[in-house]
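We name chains A, B, ... by the order of the sequence lines, and we start the count at 1 in each one. Values below: every heavy atom of this structure, side chains too, minus hydrogens, waters and symmetry copies. Values in this document were obtained by computation on a predicted structure and should not be read as measured data.
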Protein chains: 2
Amino acid sequence: MDRTKDSPRARYREQTRSEIKDTALRQLAESGVAALALTRIAKEMGLSGPALYRYFASREDLLSALIRDAYDDAAAAVAQAVAQADAAAQGPRARLSTLAGAYRAWAVAEPHRYLLIQGAPVPGYVAPDDTRDRARAVLGPFLPVFAAGEPGAGISGLVAEMSAWHAGDDAVAAWVADYVPDAARDSARPAAALAGAVLVWAQLHGSVGLEAAGQFAGMGHSGGTLLAAQLGLLADCFALS
Amino acid sequence: MDRTKDSPRARYREQTRSEIKDTALRQLAESGVAALALTRIAKEMGLSGPALYRYFASREDLLSALIRDAYDDAAAAVAQAVAQADAAAQGPRARLSTLAGAYRAWAVAEPHRYLLIQGAPVPGYVAPDDTRDRARAVLGPFLPVFAAGEPGAGISGLVAEMSAWHAGDDAVAAWVADYVPDAARDSARPAAALAGAVLVWAQLHGSVGLEAAGQFAGMGHSGGTLLAAQLGLLADCFALS
DNA sequence: GAGGCATTGTGATGGCGCGTAACTCTGGTT
DNA sequence: AACCAGAGTTACGCGCCATCACAATGCCTC
């Protein structure tokens, strides 16, 4: 009973789940999330419709799995950029560019998956803790970048809110502590780091989201230039070197 | 035949179309775009399903109408903010805040409609000219704000791209000329105005989009503070007074 | 003002997708 | 070797999109 995890049954099951997700991603890329249909996935795999329900409880369940994977993938892309930045001993400003560039590159390479995680949920939607944590894993590497900066006077209102948030939410404090180990040294560090992370999140969502959604088609600029411009503003505000 | 526009028939038709759209908006607000169903609208109105097809060719067609209305509404909200800023003789910086604030206020008041116009279209999507023009009507009022500023060195790359775009796309040139009549005076003005507009578009999409999608739920900041911080960066970059 | 006809609405129909239920069969488990 | 959990199948009900053929209403023209 302990070995169920490794049993042939379990292995086969996991492989089938994976194949289903692959097929789903293909349909997603080809026709968008609206066209993703369990029935069509089954047909494409040579199965009958209801068979898929052995692996995913519902269409919603499959989408959740795809969303989780997408977050993990995005986080991996950013994490790899961190390693790259470390290797090159980049300063905060260059590091910001490297991390954000990796995020954008991932999003542009797989726009449908990006839209999946930044898309519009149903009205009464609240992100499950699970998803919230994954999102924080993506943005975490940005925290130390801004912890090294000095937020300008123009964003003092945001910094104040971040400070209160950090003080009142243990999960957030733990998140910051995880990525900025020496944050406790100076009580202003966490607020600065959070303010930067939230700002860069909004910046990224702005330029990358528009680009992934195809809104720049036929326009006279590249998403990269726009993002670079935005990051420049942000880096200046934090006086990053 | 000439008077068909004002005939009783046409009036009744237009009223029914409007009622359908109202019902659709209610469903949209309650259950999200995915749950919007012609059948349910019909039932709610006391009609039979196929009757609606006399008024909208398809579900897609209805959605397009809603999207057009939403753009027009957003544009009207910004336009009204312009009048307000004019009345108060606001300078560029305060004007930017007023316009962006109006945009955000509209989006937050009707998040489902905002998501409709900034949401993720299908992969092979290209915005119809019609929609493109309406989007430009929303952003147009921002053009003169930035035409009055001096773009900082950090965004010179973007400005250069905007300059080329302005030179190569007549529709864009006309758009700029429409909102910044004296742009022709100085050839650098259009590029600055466009760069500002694109940047503010991305900023707005970033902070307002996240807020409308409910991503800030449980987080320690308000969308207004975040937006204000972003606008501050932008205004500084353009040295707005 | 009377008939013609465009416009509006209806039920019937087909197709598709979600999700459930009852059943069969295979192969891992014991 | 026997058992049975799990994979897969067909059949089914439901809701929705969209089309068709047909009936009724009432505007518009003559």
Q. Do A:D72 and A:R134 touch side chain to side chain, with heavy atoms closer than 4.5 Å?
A. yes
Q: Any side chain to side chain donor-acceptor pair (under 3.5 Å) involving residues 211-221 of chain A? Give me the pairs, sequence neighbours left out, ordered by first then second residue.
A: A:R104-A:E211
Q) Can a side chain N or O of A:R13 be found less than 4.0 Å away from OP1 or OP2 on D:dG6? A) no
Q. How close or far is atom P of C:dT29 from atom CZ of A:R11, stated in whole angstroms?
A. 12 Å
Q: Indicate whether OP1 or OP2 belonging to D:dG8 is found under 4.0 Å from a side-chain N or O atom of A:Y12.
A: yes
Q: Could you pull out all residues at least two apart from B:F146 that satisfy ring-ring contact (aromatic ring centres under 6.0 Å, His included)?
A: B:F238
**Q.** Partner residues of A:W165 under the ring-ring contact (aromatic ring centres under 6.0 Å, His included) criterion, sequence neighbours left out
**A.** none
Q: Find the distance A:D61:CG to C:dC18:C1' and express it as a whole number of Å.
A: 14 Å
Q: Could you check how far CG of A:L38 sits from C1' of C:dT20, rounded to whole Å?
A: 14 Å
Q | Whole-Å distance separating the CZ atom of A:R9 from the C1' atom of C:dG28 | A | 5 Å
Q. Residues in side chain to side chain contact (heavy atoms under 4.5 Å, CB included) with A:L38, at least two apart?
A. A:I41, A:L52, A:Y53, A:R59, A:L62
**Q.** B:D61: side chain to side chain contact (heavy atoms under 4.5 Å, CB included) partners, not counting sequence neighbours
**A.** B:F56, B:A57, B:S58
Q.
For DNA chain C, which residues of residues 15-22 of chain A approach it to below 4.0 angstrom with any heavy atom?
A. none
Q | Set of residues satisfying side chain to side chain donor-acceptor pair (under 3.5 Å) with respect to B:D133, sequence neighbours excluded | A | none
Q | Residues in side chain to side chain donor-acceptor pair (under 3.5 Å) contact with A:R26, at least two apart in sequence or another chain | A | A:E44
(Q) If you take any heavy atom closer than 4.0 Å to DNA chain C, which residues from residues 42-56 of chain A end up in contact? (A) A:P50, A:Y53
Q) Under 4.0 Å: is that the gap between some side-chain N or O of A:S7 and OP1 or OP2 of C:dT29? A) yes
